[in-house]
*Asks:* 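Here it is, the structure in full.
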There are 2 protein chains.
Amino acid sequence: MERKGASGQNGAGRLSRTSVLKAALELVDEHGVEALSMRRLGQAIGRDPMSIYRYAANRQELLAGVAELVLDEVETFPDDTHWQAQLRRMAHELRRVCLLHPNAVPLLVTGPLSTPLGLRPAGTLRPLEQVLGTLIRAGFVPADALHIYRAFYGFLYGHILNELQELIADPDENEALLRLGLQRLPLRDFPHLRSLAPELLEYDGSQELDEGLTILLAGLGHQLADNEARYT
Amino acid sequence: MERKGASGQNGAGRLSRTSVLKAALELVDEHGVEALSMRRLGQAIGRDPMSIYRYAANRQELLAGVAELVLDEVETFPDDTHWQAQLRRMAHELRRVCLLHPNAVPLLVTGPLSTPLGLRPAGTLRPLEQVLGTLIRAGFVPADALHIYRAFYGFLYGHILNELQELIADPDENEALLRLGLQRLPLRDFPHLRSLAPELLEYDGSQELDEGLTILLAGLGHQLADNEARYT
DNA sequence: GCTGTAGGTCTACAGTGTAGACAAGATTAT
DNA sequence: ATAATCTTGTCTACACTGTAGACCTACAGC
């Protein structure tokens, strides 16, 4: 008789924090956060569930680790282009990673991001510092840069959450459901909404993000021009 | 010997969906989502836990109901002011309600809002219809109005999530923690962030929201002016 | 050899969501 | 009034959860 070996890597070699977290992320990716139980994770790594506690204090800490693992996947870019292009690039990059791990996104918005700005792990703060640099170099006052950072990431996470909701497994079923859902609405109470049925059907997340960014960046450009006019 | 009567209303009168949901919301408000277990809720309403299942199919459905209950608290305004003022007003109203139920906010962003737009309960869609009307009346093309709605609420929920993270029980401890956290960062790697310590300390959510809205609305005003220039 | 420590395992406990059978009260049909 | 049905709340039971605490085993340094 042997240990089980069906799922994932068997109990070969020693464990490590990252190997445990990677297995956890895999589980979350495939079956959602709810499915990540200590016992299932133990089975996935071919070890006793209790062994996990050597690498994470408890389940919450484990989930926080998973979130950090996801955030580590977002790539950073050198600060060499126009600030607007730079922000666009960073936004799309974060979106890309989130779409790779949709089930883990709830952990990002209520997990380690649930710590106030100043207290997050250094790795998480690097993008913040970079955005601040970009904005200040573009001509914004540091204090404004901070507020802009918040507005920017607020919008970004908001968009990603929206897009993930729109994302449904079967697009055909989605279409049928949507038509049904819309017809249920009384025409006289929801005239605009019902007339927008076609637009509701073809949702393009990347384009939607871009359009939102355009609005936001236009507003920022405005603000920047005003500042410079005032100080010169 | 009697039934317990310490917590909440005792087992007087018949239950109803809303009474159950209200008790559930109270529990969430006071002790967080995790603390809302069927058994504890049963205790709070002075009934057997199983009775809850007559009013909610399962725990998820129960949480969705709680989320709807919260959303029902946001008031709506007649459509009588400038569209920008209207959007500002609605944003602050949603923020107000969310700050009243911070523990329930995660349910809003991953709960019934986790349904694609067209499939949400009619009550949830009313704000959408109203915003669409406001924007179209202001001069936007319907398709644009939809995208703007998305950008607007995306930003709004993003801001609220951010603000809730910033919200900590004890502000004094917050200040101490933040100072410590910042000093831990190497000055040469985080020059901007460390220089912003004072601004990080005084966080005013309402003002922050307003500044973000200003940026966004400025961008929108731009877009609107362009449209009208093109079509006249 | 001996000792200390880190990694992995085992058992056990209190708590979870919920299926399914049942009881009592209300409502309706006859 | 009697009988039938439906609604509401209760009870028991089951599979599953996170994790405390004792253990065991292998390797480190001396």
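Here is the naming used below: chain letters follow the sequence lines, and residue numbers restart at 1 for every chain.
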*Asks:* Distance check, rounded to the nearest 0.5 Å: Leu213(B) atom CG versus Leu156(B) atom CG?
*Replies:*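 Reported value, rounded in 0.5 Å steps: 7.5 Å.
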*Asks:* Would the distance check show the side chain of Glu129(B) and the main-chain N or O of His192(A) forming a donor-acceptor pair, the cut-off being under 3.5 Å?
*Replies:* yes
*Asks:* Without decimals, in angstroms, what is the distance between Ile52(A) CD1 and dA20(D) P?
*Replies:*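 Atom-to-atom, Ile52(A) to dA20(D), this comes out as 14 Å.
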*Asks:* Are Asp210(A) and His92(A) close enough, and set up right, to give a side chain to side chain contact (heavy atoms under 4.5 Å, CB included), and what steps lead you there?
*Replies:* CA-CA 9 Å; Asp210(A) 252 338; His92(A) 280 281; 3.2 Å; yes
*Asks:* Tell me the interatomic distance from Asp48(B), atom CG, to dC11(D), atom P, rounded to whole angstroms.
*Replies:* 6 Å
*Asks:* If you check every side-chain atom of Tyr55(B), which of dT10(D), dG9(D), dG7(C) has the closest atom?
*Replies:* dG9(D)
*Asks:* Any side-chain heavy atom of Glu211(A) within less than 4.5 Å of one from Arg150(B)?
*Replies:* no
*Asks:* When you compare the side chain of Arg54(B) with that of Leu15(B), does any pair of heavy atoms fall below 4.5 Å?
*Replies:* no
*Asks:* Can you measure Leu41(B) atom CG to dG15(C) atom C1' for me and round it to whole angstrom units?
*Replies:*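 In whole Å, dG15(C) C1' lies 16 Å from Leu41(B) CG.
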*Asks:* Between Ala145(B) and Leu135(B), which heavy-atom pair has the shortest distance, and what is it?
*Replies:* O-CD1, 3.6 Å
*Asks:* When every nucleotide of nucleotides 14-19 of chain D is labelled 5' to 3' by its protein contacts under 4.0 Å (heavy atoms), B for base, S for sugar-phosphate only, - for none, what sequence of letters results?
*Replies:* ---BBB
*Asks:* Heavy atoms, side chains only, cut-off 4.5 Å: are Ile52(A) and Arg47(A) in contact?
*Replies:*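 Answer no - side chains too far apart.
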*Asks:* What is the distance, rounded to the nearest whole Å, between atom CZ of Arg54(A) and atom P of dT5(C)?
*Replies:* 14 Å
*Asks:* Using 0.5 Å steps for rounding, measure from the CD atom of Glu26(B) to the CD1 atom of Ile45(B).
*Replies:* 12.0 Å
*Asks:* Which pairs with one or both residues in residues 89-98 of chain B pass salt bridge (Lys or Arg N to Asp or Glu O under 4.0 Å), sequence neighbours excluded?
*Replies:* Asp80(B)-Arg89(B), Glu93(B)-Arg96(B), Arg95(B)-Glu163(B)
*Asks:* Give the rounded distance in Å between these two atoms: CD of Gln43(B) and C1' of dG9(D).
*Replies:* 17 Å
*Asks:* If I take atom CZ in residue Arg14(B) and atom P in nucleotide dG9(D), what distance separates them, rounded to the nearest angstrom?
*Replies:*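 From Arg14(B) CZ to dG9(D) P: 7 Å.
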*Asks:* Rounding to 10 degrees, work out the angle separating the end axes of the helix from dG1(C)-dC30(D) to dT30(C)-dA1(D) (five pairs an end).
*Replies:*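 Computed angle between terminal axes is 10°.
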*Asks:* Measure the distance from CZ on Arg17(A) to C1' on dA6(C) and round it to the nearest whole Å.
*Replies:* 17 Å
